[in-house]
Structure formats: C-alpha cells, structure tokens
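Just below is one structure, and these are the notes that go with it.
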Amino acid sequence: MQVDTLASGGLLLQGETKPCKPARAMFRSDTEVCIIVTEGRYHQVRRMVAALGNHVAELHRESVGALTLGELAPGDHAHIDRTLVGSANT
C-alpha cells in the first residue's frame with residue numbers, strides 16, 4: 001500500500017471532486033494495517049484501499065472521535081451519557 005499517498009491528502013476517490021484529507025497508516029503485519037481518517041465519507045477506508053490497488057477483507061472500527069471500544073467484546077454494548085456523545089465529533 002502506498003502510505004505516502006494516504007498521508008498526502010491528495011487521494012481522489014472515484015465519483016468525488018474533492019480529495020480525501022490526509023490519513024495515517026501503520027502496518028501491524030504484512031496483511032493488516034491501521035488507518036486513521038479524520039472524515040467519514042461513504043465506505044471511505046474501503047474505497048481508499050481500492051484506489052491504491054488493494055482489497056479490504058475485514059474492517060474493524062476501534063473509535064469514533066474520542067469514543068473508543070476499550071474492552072468491549074464483539075456484540076456487546078455500553079451505555080454512554082450525553083456528554084460523551086459530543087466527544088465523538090472531536
């Protein structure tokens with residue numbers, strides 16, 4: 001994957017007229033990468049990876065803004081108060 005292309009903020013997705021904001025990519029293994037985006041376009045991560053000639057087999061969101069999953073198990077849920085909801089946009 002071309003990490004420099006993601007970091008540049010110049011990646012233009014198919015059907016879009018405005019390039020993506022810069023994203024950070026950190027490889028965890030030969031087949032796993034952590035991508036941090038600061039905007040939420042429709043299927044953005046999948047489309048960014050496809051634009052670079054790769055394929056997303058599985059996608060896992062770890063956080064939204066300041067909200068993180070922490071130790072929450074797959075399929076579980078947690079109650080959050082209204083003050084935390086606003087932090088998802090920061």
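Values below: every heavy atom of this structure, side chains too, minus hydrogens, waters and symmetry copies.
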Sequence neighbours excluded - ring pair (Phe, Tyr, Trp, His ring centres under 6.0 Å) pairs with any residue from residues 28-62: none
For residues 48-65, which residue pairs pass the salt bridge (Lys or Arg N to Asp or Glu O under 4.0 Å) check, not counting sequence neighbours? Arg28-Glu62
Tell me which pairs pass side chain to side chain donor-acceptor pair (under 3.5 Å) where either residue lies in residues 66-77, with sequence neighbours left out. none
Tell me, please, which residues at least two apart from Thr31 pass side chain to side chain contact (heavy atoms under 4.5 Å, CB included). Ser29
Taking all atoms of both residues into account, what is the closest heavy-atom pair of Ile36 and Met26, and its distance? CD1-CE, 3.5 Å
Do Thr5 and Met48 come close enough that some side-chain heavy atom pair is under 4.5 Å? no
Separation between OG1 of Thr38 and CZ of Arg24, rounded to the nearest 0.5 Å: 10.5 Å
Show your working on side-chain contact (heavy atoms from CB on, under 4.5 Å) between Leu6 and Leu52 and close with a plain yes or no. CA-CA 9 Å; Leu6 294 176; Leu52 299 176; 3.8 Å; yes
For Val56, give me all partners under side chain to side chain contact (heavy atoms under 4.5 Å, CB included), at least two apart in sequence or on another chain. Arg46, Val49, Leu59
For residues 9-20, tabulate all N or O donor-acceptor pairs below 3.5 Å that involve a side-chain atom, not counting sequence neighbours.
unit_1: Glu16; atom_1: OE1; unit_2: Arg41; atom_2: NH1; d: 2.7
unit_1: Glu16; atom_1: OE2; unit_2: Arg47; atom_2: NH1; d: 3.2
unit_1: Glu16; atom_1: OE2; unit_2: Arg47; atom_2: NH2; d: 3.3

Determine, using the 4.5 Å side-chain heavy-atom cutoff (strictly less than), whether Leu69 and Val45 are members of one ILVMFWY cluster. no
